Each structure stands twice: as C-alpha cells, then as structure tokens.
Amino acid sequence: DVQLQAYGGGLVQTGGLLRLSCAASGISFDDYAIGWFRQAPGKEREGVSCMSSSDGSTYYADSVKGRFTMSADSVESTAALQMNSLKPEDTAVYYCAACRILMTSGKVYLQPALWYNWGRGTQVTVSS
C-alpha cells in the first residue's frame, strides 16, 4: 500500500521560510517520480514540484521557481520542500505525491500519477 504523508506545515509571516517533510512507504523513489502539490481554499489542486526518478531533474511551478527547493532521499524514502520568501498566495494544504511530468508545446505540466491516492496533507498559512 503506497502512502506519502506530508508534515511540517504551520503559520509563518510573509517573507518567512518553512520546510515541509514527506515520509513515504510502499514506493521506491528510484522507480517513481515524487513531488509536491498544494490546494488553496476554493481552488483546484496544483503541482508545485516534481522530481524525476531517472535523473533527479526537478521541475517547479512558475509561481515558486527561485523560492522553493525540493530534495529527496531514496534510501530513507523521505522528501522535503524548502520554502523561502513565502507569500500569502502560498497559503494552502500541501501534499507530497507520486507525480508525472508532462511536456507539451514547450510547457511543463506537473500532474499527479494516475494511480495515486492522496494521503494526508499539511496546512501552510502565510500571514500578510
């Protein structure tokens, strides 16, 4: 049974930083891409980052490029998302998940793996 659980969220002021962690079981980071997603109130879930299992290349949503950095440890089956220079629009529930990277017409789309069932997310709130 695949489980990826995110934790480490909290309340932070604009411009602050936060580090999220992800604990995985039942899945190998060597075989599947792993990433982060978020869902803000009243909005659809969106991809934040996705790390390729083949070469470790990491793709980020334009909205977080230069501010967020993803890392992963395939031995420990853990991942992290370092979030710097946080903005109020980063407020959302964050999830780690198996992901896929779609490239079309020069654009990159970060999508959850089709087979993935969402685990527990962690709330990040950025106050203005």
Side-chain angles (χ1 to χ4, degrees):
D1 188 26
V2 176
Q3 290 191 4
L4 290 97
Q5 304 289 351
Y7 56 98
L11 174 64
V12 63
Q13 291 185 335
T14 296
L17 55 86
L18 205 59
R19 184 178 177 86
L20 303 183
S21 297
C22 173
S25 61
I27 187 171
S28 170
F29 289 9
D30 292 333
D31 297 327
Y32 294 94
I34 302 296
W36 291 88
F37 294 78
R38 67 185 182 186
Q39 187 167 21
K43 294 187 177 181
E44 292 187 356
R45 188 146 36 198
E46 63 172 348
V48 174
S49 67
C50 186
M51 178 180 285
S52 169
S53 61
S54 59
D55 61 4
S57 297
T58 306
Y59 297 81
Y60 296 92
D62 288 342
S63 58
V64 306
K65 280 181 182 176
R67 300 188 299 121
F68 290 12
T69 303
M70 177 181 172
S71 60
D73 184 330
S74 61
V75 175
E76 297 293 330
S77 293
T78 58
L81 185 68
Q82 179 66 45
M83 305 185 295
N84 299 333
S85 302
L86 282 161
K87 305 175 181 179
E89 50 265 43
D90 295 319
T91 294
V93 178
Y94 284 72
Y95 303 83
C96 56
C99 58
R100 54 193 179 127
I101 302 162
L102 304 179
M103 299 182 182
T104 180
S105 302
K107 293 185 178 180
V108 176
Y109 299 89
L110 307 179
Q111 298 286 327
L114 294 175
W115 52 267
Y116 183 71
N117 294 315
W118 294 98
R120 185 190 69 195
T122 186
Q123 176 71 47
V124 172
T125 303
V126 184
S127 62
S128 57

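For reference, positions follow the sequence shown, starting with 1. A quick note: this is a predicted structure, and the numbers were derived from the prediction, not measured. These values consider heavy atoms only, across backbone and side chains, with no hydrogens, waters or symmetry-generated copies.
- Considering Leu18, Val12, Leu11 in turn, Leu11 is the only one that fulfils the side-chain contact (heavy atoms from CB on, under 4.5 Å) rule with Thr125.
- By the side-chain contact (heavy atoms from CB on, under 4.5 Å) test, Gln13 pairs with Ser127, sequence neighbours left out.
- What you find for Ser49 and Met70 is that their closest heavy atoms are OG-SD, 3.3 Å.
- Separating the CD atom in Gln3 from the OG atom in Ser77 is a distance of 13.0 Å, to the nearest 0.5 Å.
- Hydrophobic clustering of Ile, Leu, Val, Met, Phe, Trp and Tyr side chains at less than 4.5 Å, counting indirect connections, unites Phe37 with Trp115.
- Applying the side-chain contact (heavy atoms from CB on, under 4.5 Å) test between Val124 and each of Leu20, Thr91, Leu81, Val93 identifies Leu20 as the sole match.
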With side-chain contact (heavy atoms from CB on, under 4.5 Å) as the criterion, how do Ile34 and Met51 come out once you've worked through the C-alpha distance, each side chain's angles and the decisive distance to 0.1 Å? CA-CA 5 Å; Ile34 302 296; Met51 178 180 285; 5.5 Å; no

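- Every residue meeting the side-chain contact (heavy atoms from CB on, under 4.5 Å) condition with Thr78, not counting sequence neighbours, appears here in chain and number order: Asp73, Glu76.
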Is there a side-chain contact (heavy atoms from CB on, under 4.5 Å) between Met83 and Val64? Walk through the geometry before answering. CA-CA 9 Å; Met83 305 185 295; Val64 306; over 6 Å; no

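- Residues Tyr95 and Tyr59 do not share a hydrophobic cluster, defined by chaining ILVMFWY side chains whose heavy atoms lie under 4.5 Å apart.
- A donor-acceptor contact shorter than 3.5 Å is absent between the side chain of Arg120 and the backbone of Gln5.
- Within the structure, disulfide (SG to SG under 2.5 Å) contacts touching residues 5-68 (residues at least two apart or in different chains) are Cys22-Cys96, Cys50-Cys99.
- Sorted by first and then second residue, the pairs that involve residues 18-43 and meet side chain to side chain donor-acceptor pair (under 3.5 Å), not counting sequence neighbours, are Arg19-Gln82, Arg38-Glu46, Arg38-Ser63, Arg38-Asp90, Arg38-Tyr94.
- Side chains of Ser52 and Thr58 form no contact here, defined as non-hydrogen atoms less than 4.5 Å apart.
- Across every non-hydrogen atom of Ala61 and Gly47, the tightest pair is CB-O, 3.4 Å.
- Residues satisfying the side-chain hydrogen bond (donor to acceptor under 3.5 Å, both in side chains) test with Thr104, not counting sequence neighbours, are none.
- Residues meeting the ring pair (Phe, Tyr, Trp, His ring centres under 6.0 Å) test with Tyr116, sequence neighbours left out: Trp118.
- In this structure, the separation between CG on Asp62 and NZ on Lys107 is 9.5 Å, given to the nearest 0.5 Å.
- By the rule that hydrophobic residues join a cluster once side-chain heavy atoms approach within less than 4.5 Å of another member, Val48 and Phe29 end up as members of one cluster.
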